[in-house]
Amino acid sequence: MYFTQTTPKKLLQTFILCLGTGLLLLSARPTPIPVLRYAAPESALSVSGTVNSYTTLSVPTWVTKLDGLYFIVDCYHNQIIYSDSLDRPLSEWLVMTDEINKGHTLAGNGIVYLADDTENNRILIFEKRDGCFVHTQTLSDIGIRPHYIVYREEDRCFYAWSSMTGEMYLLRCAEDSGRVFLSEIRRIPALDGSYVRSFTIIGEDIYFVSGNCAIVKADLETFQITEVYPVPDEIAGMIQLTQIDGDFYITVSTDRQGSQDAATIIRTHALEDLVNYGYEDIYASFIGGGTPYYISDFDNRYYLTEHRIPEHSLWSFQIRNGQLTDITAVY
């Protein structure tokens, strides 16, 4: 057996090298995501699958496609229904849940599905087991009237908006267990007390539609306001902003006084033009006269929910070269 002599200087160099490598490895470790609180597990699991008992929709707010299935949030029927096809009669759709009170949206990440239970100020969490949806967890005390949920794949996070308090609840899912937890609450104090029905994430910015006579743009990470776009009283009660091919499409529920007679859909190329009526009213492309709500997109088409018009509660359409085409009443 042979031994080599190592000088104290070389020992010191080796120690510094190892220490530096260790610090580099430590700095490369991901920052732990804080857990403010976990969703409460449901002790008595409710299982979906009953047949929808309604032949029409009552104030539908959201339609989406998740994992090959179509979902409609049937707000005033206090339920979410689902189907494998949009061609089926509503009486053949199945009920995902009827435990919500005036819910508005649904989002999923392939593991869990989150639904806002608006009037109960909570989020219901579902998992799909053996072909059925099971209510497994609940997050209570989510602001006041949580109104809109979006899943953002870039940071694997659900964004749930409290429509009356200017608060965004960031919800995440532990992939190994499906356990959902609240990791952060971001706030825009200027929107506290205003009824803001939705938000739109575009790149690293987030837009909040007018609930106080102005659209607010903020930095997604810090929630610091970067722009404020005033709007006329006639379109002050906005519902949703969607950017399509460089234009902004905005659904409007009421004017500043709360009259649904002002309900419409407008389009503008620049939000700063809204205050000077720099927009086009495109609601006549549909029937008009109702209250348009949220726009979603899947299957290479856009979908619009609407209420106040019998037999015209869900529309399908496309946009080509700035023109609305192939407008079809689905339900």
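Position 1 is the first residue of the sequence; numbering continues from there. Quick caveat: nothing in here was measured; it's all calculated off a predicted structure.
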### Message
Can you confirm whether Val231 sits close enough to Ser210 that some side-chain heavy atom of one is under 4.5 Å from a side-chain heavy atom of the other?
### Response
yes
#### Entry: Minimal non-hydrogen separation, Trp161 against Glu167, with atom names
CE3-O, 3.1 Å
### Query
Does Tyr293 share a hydrophobic cluster with Ile295, counting links as ILVMFWY side-chain heavy atoms below 4.5 Å and allowing steps through other members?
no
### Query
Is the closest side-chain donor-acceptor distance between His135 and Glu99 under 3.5 Å?
yes
### Query
Between Arg301 and Asp326, is there a salt bridge with N-O shorter than 4.0 Å?
yes
### Task
Working to the nearest 0.5 Å, report the span between CG of Asn276 and OH of Tyr279.
11.0 Å
### Summary
Heavy-atom nearest pair, Val95 first then Asn52, reads CG2-CA, 3.9 Å
### Query
Looking only at side chains, do Arg172 and Ser183 share a donor and an acceptor under 3.5 Å apart?
yes
### Query
Ile149, Met168: one ILVMFWY side-chain cluster at the under-4.5 Å cut-off?
no
### Query
So, Phe298 versus Tyr303, ring centres under 6.0 angstrom or not?
yes
### Task
Check whether any side-chain N or O of Ser296 sits under 3.5 Å from a backbone N or O of Val63 as a donor-acceptor pair, and report yes or no.
yes
### Query
Is Asp67 paired with Lys128 through a side-chain N to carboxylate O contact shorter than 4.0 Å?
no
### Residue of the set Ile123, Asn120, Leu124 for which side-chain contact (heavy atoms from CB on, under 4.5 Å) holds with Thr138
Leu124
### Task
Check whether any side-chain N or O of Ser83 sits under 3.5 Å from a backbone N or O of Tyr70 as a donor-acceptor pair, and report yes or no.
no
#### Entry: Any side-chain heavy-atom pair of Ile81 and Val73 under 4.5 Å
no
### Query
How far apart are the C-alpha atoms of Ile80 and Tyr82, what are their side-chain angles, what is the distance that settles it, and do they pass the side-chain contact (heavy atoms from CB on, under 4.5 Å) test?
CA-CA 7 Å; Ile80 300 174; Tyr82 66 98; 6.0 Å; no
### Query
Between Arg186 and Glu184, is there a salt bridge with N-O shorter than 4.0 Å?
yes
### Message
I'd like to know if the side chain of Thr118 and the backbone of Pro146 have a donor-acceptor N/O pair within less than 3.5 Å.
### Response
yes
#### Entry: Main-chain N/O of Thr165 paired to Arg145 side chain as donor or acceptor, under 3.5 Å
no
#### Entry: Asp116 side chain vs His104 backbone, donor-acceptor pair below 3.5 Å
yes
### Message
For Tyr54 and Trp93: C-alpha separation, side-chain torsions, deciding distance, then whether side chain to side chain donor-acceptor pair (under 3.5 Å) applies.
### Response
CA-CA 9 Å; Tyr54 299 101; Trp93 286 55; over 6 Å; no
### Query
Side chains of Thr251 and Gln240: do they bring a donor and an acceptor to under 3.5 Å?
no
### Message
Under a plain distance cut-off of 3.5 Å, with no hydrogens placed, do His147 and Tyr195 share a side-chain donor-acceptor pair?
### Response
yes
### Query
Just by modelled atom types, is the Tyr294 backbone N or O under 3.5 Å from a matching donor or acceptor in the Thr305 side chain?
yes
### Query
Which is it for Cys213 and Asp233 under the side-chain contact (heavy atoms from CB on, under 4.5 Å) test, yes or no, and what are the steps along the way?
CA-CA 7 Å; Cys213 294; Asp233 289 354; 4.0 Å; yes
### Query
Is the backbone N or O of Gln323 less than 3.5 Å from a side-chain atom of Asn321, with the two atoms forming a donor-acceptor pair by type?
no
### Message
Can you give me the closest heavy-atom contact between Arg37 and Ile142, atom names plus distance?
### Response
NH2-CD1, 3.9 Å
### Query
Are Ile265 and Tyr148 in one and the same hydrophobic cluster, where Ile, Leu, Val, Met, Phe, Trp and Tyr link if side-chain heavy atoms are under 4.5 Å apart?
no
### Message
In terms of relative ring orientation, are Tyr283 and Phe286 parallel, tilted or perpendicular, with 30° and 60° separating the classes?
### Response
tilted
### Query
If we ignore angles and hydrogens, is there a donor and acceptor under 3.5 Å between the side chains of Tyr151 and Asp155?
no
### Task
Begin with the C-alpha distance, continue with both residues' side-chain angles, and end with the deciding distance and a verdict on side chain to side chain donor-acceptor pair (under 3.5 Å) for Gln137 and Tyr38.
CA-CA 9 Å; Gln137 305 167 70; Tyr38 282 99; over 6 Å; no
### Task
Using the six-membered ring wherever Trp is involved, compare the ring planes of Phe248 and Tyr207 and label them parallel, tilted or perpendicular (cut-offs 30° and 60°).
tilted
### Task
Would you give the length of the straight line joining atom CG of Leu182 to atom CG of Asp141, rounded to the nearest 0.5 angstrom?
10.5 Å
### Query
Would you say the side chain of Asp297 lies within less than 4.5 Å of the side chain of Gln318, judging by non-hydrogen atoms?
no
### Query
Do Gln260 and Thr254 get their side chains close enough for a donor-acceptor pair, meaning under 3.5 Å?
no
### Query
Among side-chain atoms of Tyr249 and Gln243, is any donor-acceptor pair under 3.5 angstrom?
no
### Query
Does Ile72 reach the side chain of Leu57, with side-chain heavy atoms less than 4.5 Å apart?
yes
### Query
Do the side chain of Asn78 and the main chain of Lys102 share a donor and acceptor less than 3.5 angstrom apart?
yes
### Query
With a 6.0 Å cut-off on ring centres, are Phe71 and Phe133 close enough?
yes
### Query
Nearest heavy-atom pair of Leu90 and Thr55: which atoms, and what distance?
CD1-O, 3.5 Å
### Query
If we only count heavy atoms from C-beta on, is the Leu139 to Phe181 side-chain gap below 4.5 Å?
no
### Task
Classify the ring geometry between Phe223 and Phe208 as parallel (under 30°), tilted (30 to 60°) or perpendicular (over 60°).
perpendicular
### Query
Any ion pair linking Glu175 and Arg156 (charged N to carboxylate O, less than 4.0 Å)?
yes
### Query
Less than 4.5 Å apart, any side-chain heavy atom of Val209 and any of Ile239?
no
### Task
Give a yes or no on whether Ile319 and Trp315 share a hydrophobic cluster (residues Ile, Leu, Val, Met, Phe, Trp, Tyr; joining criterion: side-chain heavy atoms under 4.5 Å apart).
yes
### Within-4.5 Å side-chain heavy-atom neighbours: Leu106 and Leu66
yes
#### Entry: 4.5 Å side-chain heavy-atom contact, Leu170 and Ile185
no
### Query
Looking only at heavy atoms, what is the nearest atom pair of Ile235 and Ile266, with distance?
CD1-CD1, 3.7 Å
### Message
If I compare all heavy atoms of Ser285 with all of Leu324, which pair ends up nearest, and what's the gap?
### Response
CB-CD2, 4.2 Å
### Query
Do Ile202 and Ile225 belong to the same hydrophobic cluster, where Ile, Leu, Val, Met, Phe, Trp and Tyr are linked whenever their side-chain heavy atoms lie under 4.5 Å apart, directly or via other members?
yes
### Query
Does a side-chain N-to-carboxylate-O contact under 4.0 Å join Glu42 and Arg122?
no
### Query
For Ile309, does its backbone N or O pair with a side-chain atom of His307 as donor and acceptor, under 3.5 Å?
no
### Message
Walk me through whether Leu114 and Thr105 qualify under side-chain contact (heavy atoms from CB on, under 4.5 Å).
### Response
CA-CA 8 Å; Leu114 273 62; Thr105 55; over 6 Å; no
### Task
Carefully, step by step, assess Asn109 and Ile111 under the rule side-chain contact (heavy atoms from CB on, under 4.5 Å).
CA-CA 5 Å; Asn109 67 349; Ile111 301 173; 3.5 Å; yes
### Query
Taking Thr328 for the side chain and Val330 for the main chain, is one N or O donor matched with an acceptor at less than 3.5 Å?
no
### Task
Go through Tyr169 and Phe158 one step at a time and tell me if the ring-ring contact (aromatic ring centres under 6.0 Å, His included) criterion holds.
CA-CA 8 Å; Tyr169 289 73; Phe158 291 90; over 10 Å; no
### Task
Evaluate the side chain to side chain donor-acceptor pair (under 3.5 Å) criterion for residues Glu306 and Ser313: first the C-alpha distance (whole Å), next the side-chain angles of each, then the deciding distance (0.1 Å), finally the verdict.
CA-CA 5 Å; Glu306 183 181 46; Ser313 53; over 6 Å; no
